[in-house]
Trainee: 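Handing you this structure, nothing more for now.
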Amino acid sequence: HGGTVVSATGSQLLDVLVDGETIAAVVQPGSTALGADLFAAADAVIDATGKYVIPGGVDGHTHMQMPFGGTEASDTFETGTRAAAWGGTTTIVDFVVQTPGQRLQDTLGAWHQKADGECAVDYGFHQIIGEVNDESLKGMSELVSEGVTSFKLFMAYPGVFYSTDGQILRAMQSAADLGALLMMHAENGIAIDVLVEQAIARGDTAPYFHGTSRPWQMEEEATHRAIMLAQLTGAPLYVVHVSAKQALEQIATARGNGQNVFGETCPQYLYLSLEEQLGAGFLDGTGGFEGAKWVCSTPLRSRAEGHQDELWRYLRTGDVTTVSTDHCPFCMKDQKDMGIGDFSKIPNGIGGVEHRMDLMFQGVKSGRISLERWVEVCCTTPARMFGMYPRKGVISPGADADIVVYDPAGHTSIGLGKTHHMNMDYSAYEGFEIDGHVDTVLSRGRVIIDGGAYLGSAGHGRFVKRELSQNLI
Ligand code: URP
Ligand code: ZN
Ligand code: ZN
Ligand code: ZN
């Protein structure tokens with residue numbers, strides 16, 4: 001009551017009536033359309049005066065307890081979704097991993113077992129196809145009917161998840177037939193592996209060299225190749241975690257040609273850079289391993305080369321369609337530190353599921369994006385992109401009552417011992433100050449964050465059976 005409801009298309013003083021798990025009505029303050037005393041009859045009233053009322057965040061790219069890099073991502077579905085709730089994210093879409101030899105359907109079953117009964121907020125699944133073969137291609141249609149309507153392939157990580165161009169072509173043909181979204185990790189992994197080997201042989205073993213051995217040319221080239229294969233096959237293409245401005249130029253060109261191509265970026269690529277990793281030291285002999293905190297792929301890019309500024313610009317043009325976290329947390333101790341003396345052994349990934357809404361709101365405060373664009377890229381478009389609209393991503397009658405009351409006059413200090421609920425022993429955004437605050441979070445009508453208190457529970461979050469993407473041309 002009394003807040004400004006922000007949607008992708010505008011902002012207005014409106015009251016929101018929740019009945020059970022869904023939104024029953026959105027009305028002008030003082031409206032008598034639903035009877036005179038709407039609020040007197042309510043079980044509870046949340047005063048949102050002076051605050052924004054937005055749809056719960058939809059994070060379309062997370063990896064809870066994912067086996068990767070010889071270890072497992074440190075957030076479980078329980079800890080990771082609780083951290084998401086603290087940060088105003090009420091839906092995640094996580095990745096089921098198929099490793100060679102497994103049936104897609106079996107891996108989906110295994111992931112259901114991991115998540116069922118554990119999640120604080122609702123969740124969906126994408127499927128990683130680790131082995132493109134006849135059986136996997138057949139399995140795709142079964143997954144679509146089970147609400148898993150997007151498939152990720154890797155042009156990076158030879159020997160782990162890697163697909164050849166021929167395999168990509170076949171998977172894209174199947175995706176096109178099904179109308180399913182093909183998600184691509186676009187980096188030329190074959191060439192990168194040679195650069196990595198050469199760097200290690202030279203003695204360039206510090207975390208900083210993870211980034212320099214995955215230069216932007218490798219991302220631009222792979223992005224272009226993926227776009228051409230998608231063009232040929234007619235598959236809708238979603239390029240995940242884009243960090244190079246040149247890759248985005250490829251995406252923008254394809255979109256300009258009317259192709260169903262979408263770019264996702266992440267807060268780390270908008271805010272952090274290779275220079276920070278360099279600044280963390282590697283030559284001074286005083287540890288020099290701090291840079292491992294920010295080892296992820298695609299890597300952080302050079303600020304001097306202008307990638308961050310261009311990413312913000314593409315966020316305004318629409319060629320960056322969504323902002324997800326690629327939340328893939330690892331601790332420094334006993335996980336990242338496996339790569340001391342050899343950066344290629346550092347598990348790749350950054351945790352950030354808790355901070356996306358805040359970090360992107362700071363983009364509003366600093367004049368980089370509009371208030372409405374914030375909601376669009378963090379809530380509404382991810383919901384449409386991944387087939388969950390209008391159940392998720394919007395405040396309108398009939399939608400799930402996933403609602404965040406956001407205080408633009410509040411403040412959030414990010415860091416260990418401050419706001420930190422992720423199961424990580426460091427924060428990638430330590431010291432970041434946000435001019436805003438997540439005050440209240442509702443997940444399907446239940447208040448799960450109330451001021452400084454967590455009122456949610458493991459198992460409240462349910463699996464979301466997704467439809468095909470609603471964001472295609
Ligand atoms: O470094 C990253 N991004 N780790 C997560 C796995 C992936 O490629 O998305
Ligand atoms: Zn990836
Ligand atoms: Zn990822
Ligand atoms: Zn506050």
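Note that ligands are numbered from 1 as they come in the structure, with each ligand's atoms numbered from 1 the same way. Just so we're clear, the structure is a prediction, and the values are computed from it rather than from any experiment.
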Trainee: With heavy atoms only and a cut-off of under 4.0 Å, state how C296 meets ligand 1: side chain, backbone, both or neither.
Mentor: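 Both the backbone and the side chain of C296 come within reach of ligand 1.
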Trainee: Can you tell me how the ring of H185 sits relative to the ring of H241, calling it parallel under 30°, perpendicular over 60° and tilted otherwise?
Mentor: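 The rings of H185 and H241 stand perpendicular, inter-plane angle above 60°.
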Trainee: Mind checking whether F95 has a heavy atom under 4.0 Å from ligand 1?
Mentor: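 Outside the 4.0 Å threshold, so no.
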Trainee: Check each atom of ligand 1 against the heavy atoms of G349 and keep those under 4.0 Å away; list them by number with element.
Mentor: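 Here the atoms of ligand 1 in question are 1 (O), 2 (C), 4 (N).
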Trainee: Are any of the side-chain heavy atoms of Y314 and E249 separated by less than 4.5 Å?
Mentor: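 Result yes, sub-4.5 Å side-chain heavy-atom pair found.
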Trainee: Please work out the angle at the Zn ion (ligand 3) defined by atom NE2 of H63 on one side and atom OD1 of D326 on the other, rounded to 10°.
Mentor: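 The NE2/OD1 angle about the Zn ion (ligand 3) sits at 100°.
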Trainee: So is Y157 touching ligand 1 or not, going by heavy atoms under 4.0 Å?
Mentor: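 Yes.
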Trainee: State which residue, out of V6, V441, I449, T89, fulfils the side-chain contact (heavy atoms from CB on, under 4.5 Å) condition with V404.
Mentor: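 The residue from V6, V441, I449, T89 that satisfies side-chain contact (heavy atoms from CB on, under 4.5 Å) with V404 turns out to be V441.
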Trainee: Using the ring-ring contact (aromatic ring centres under 6.0 Å, His included) definition, which of the options Y123, Y238, F125 pairs with F386?
Mentor: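 Among Y123, Y238, F125, the one meeting ring-ring contact (aromatic ring centres under 6.0 Å, His included) with F386 is Y238.
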Trainee: Have a look at Q105 and tell me which of E142, Q127, E146 forms a side chain to side chain donor-acceptor pair (under 3.5 Å) with it.
Mentor: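 So, applying the side chain to side chain donor-acceptor pair (under 3.5 Å) to Q105 and each of E142, Q127, E146, only E142 qualifies.
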Trainee: Please list the nearest protein heavy atom to atom 8 (O) of ligand 1 with its residue and the distance rounded to 0.1 Å.
Mentor: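 Residue, atom and distance for the closest contact: H185 ND1, 3.0 Å.
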Trainee: Among the N/O/S atoms of H61, select the one at the shortest distance from the Zn ion (ligand 3) and name it.
Mentor: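 For H61, the N/O/S atom sitting closest to the Zn ion (ligand 3) is NE2.
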Trainee: Where the Zn ion (ligand 2) is the corner point, what angle links ND1 of H185 with NE2 of H241, to 10°?
Mentor: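 The two atoms form an angle at the metal of about 90°.
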Trainee: Before we go on, tell me: are the rings of Y269 and H307 under 6.0 Å apart, centre to centre?
Mentor: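 Ring centroids of Y269 and H307 are no less than 6.0 Å from each other.
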Trainee: Would you mind checking which non-hydrogen protein atom is closest to atom 6 (C) of ligand 1, with the distance to 0.1 Å?
Mentor: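 Answer, as residue, atom name and distance: H63 NE2, 3.7 Å.
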Trainee: Give the atoms of ligand 1, by number and element, whose distance to some non-hydrogen atom of D326 is under 4.0 Å.
Mentor: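 Listed by number with element: 2 (C), 3 (N), 5 (C), 9 (O).
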Trainee: For ligand 1, which atoms have a heavy atom of F154 less than 4.0 angstrom away?
Mentor: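 Ligand 1 atoms under the 4.0 Å threshold to F154: 8 (O).
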Trainee: Where's the contact between N348 and ligand 1, heavy-atom distance under 4.0 Å: side chain, backbone, both or neither?
Mentor: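 It is both backbone and side chain that touch ligand 1.
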Trainee: In ligand 1, which numbered atoms sit nearer than 4.0 Å to a non-hydrogen atom of H61?
Mentor: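 Close to H61: 9 (O).
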Trainee: Check whether any N, O or S atom of V240 sits under 2.8 Å from the Zn ion (ligand 2).
Mentor: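 Given the 2.8 Å cut-off, V240 does not count as a ligand of the Zn ion (ligand 2).
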Trainee: Note the single closest protein heavy atom to atom 1 (O) of ligand 1, along with its residue, its atom name and the distance in Å.
Mentor: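 Here the nearest protein heavy atom works out to S297 N, 2.8 Å.
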Trainee: Of H355, H421, H437, H420, which is the lone residue that meets ring-ring contact (aromatic ring centres under 6.0 Å, His included) with W86?
Mentor: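 Of H355, H421, H437, H420, ring-ring contact (aromatic ring centres under 6.0 Å, His included) with W86 is met by H421 alone.
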Trainee: Centre-to-centre under 6.0 Å for F68 and Y157, is that the case here?
Mentor: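 They qualify: ring centres under 6.0 Å apart.
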Trainee: Pairs of nitrogen or oxygen atoms closer than 3.5 Å, one from T298 and one from ligand 1: do any exist?
Mentor: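 No, since none of the N or O atoms of T298 sits under 3.5 Å from an N or O of ligand 1.
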Trainee: Between S136 and N133, do the side chains contain an N or O donor and an N or O acceptor separated by less than 3.5 Å?
Mentor: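 The answer is yes; a qualifying pair exists.
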Trainee: Hey, which atoms in ligand 1 end up nearer than 4.0 Å to a heavy atom of H241?
Mentor: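 Selected atoms, number and element: 7 (C), 8 (O), 9 (O).
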Trainee: Is the contact between K152 and ligand 1 made by the side chain, the backbone, both, or neither, using heavy atoms and a 4.0 Å cut-off?
Mentor: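 The side chain, only.
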Trainee: If you take the centroid of each ring, where Trp contributes its six-membered ring, are Y271 and W312 closer together than 6.0 Å?
Mentor: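 Yes, ring centres under 6.0 Å apart.
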Trainee: Given the side-chain rings of F361 and Y406, with only the six-membered ring counted for Trp, is the space between their centroids under 6.0 Å?
Mentor: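 Yes: the rings meet the under 6.0 Å criterion.
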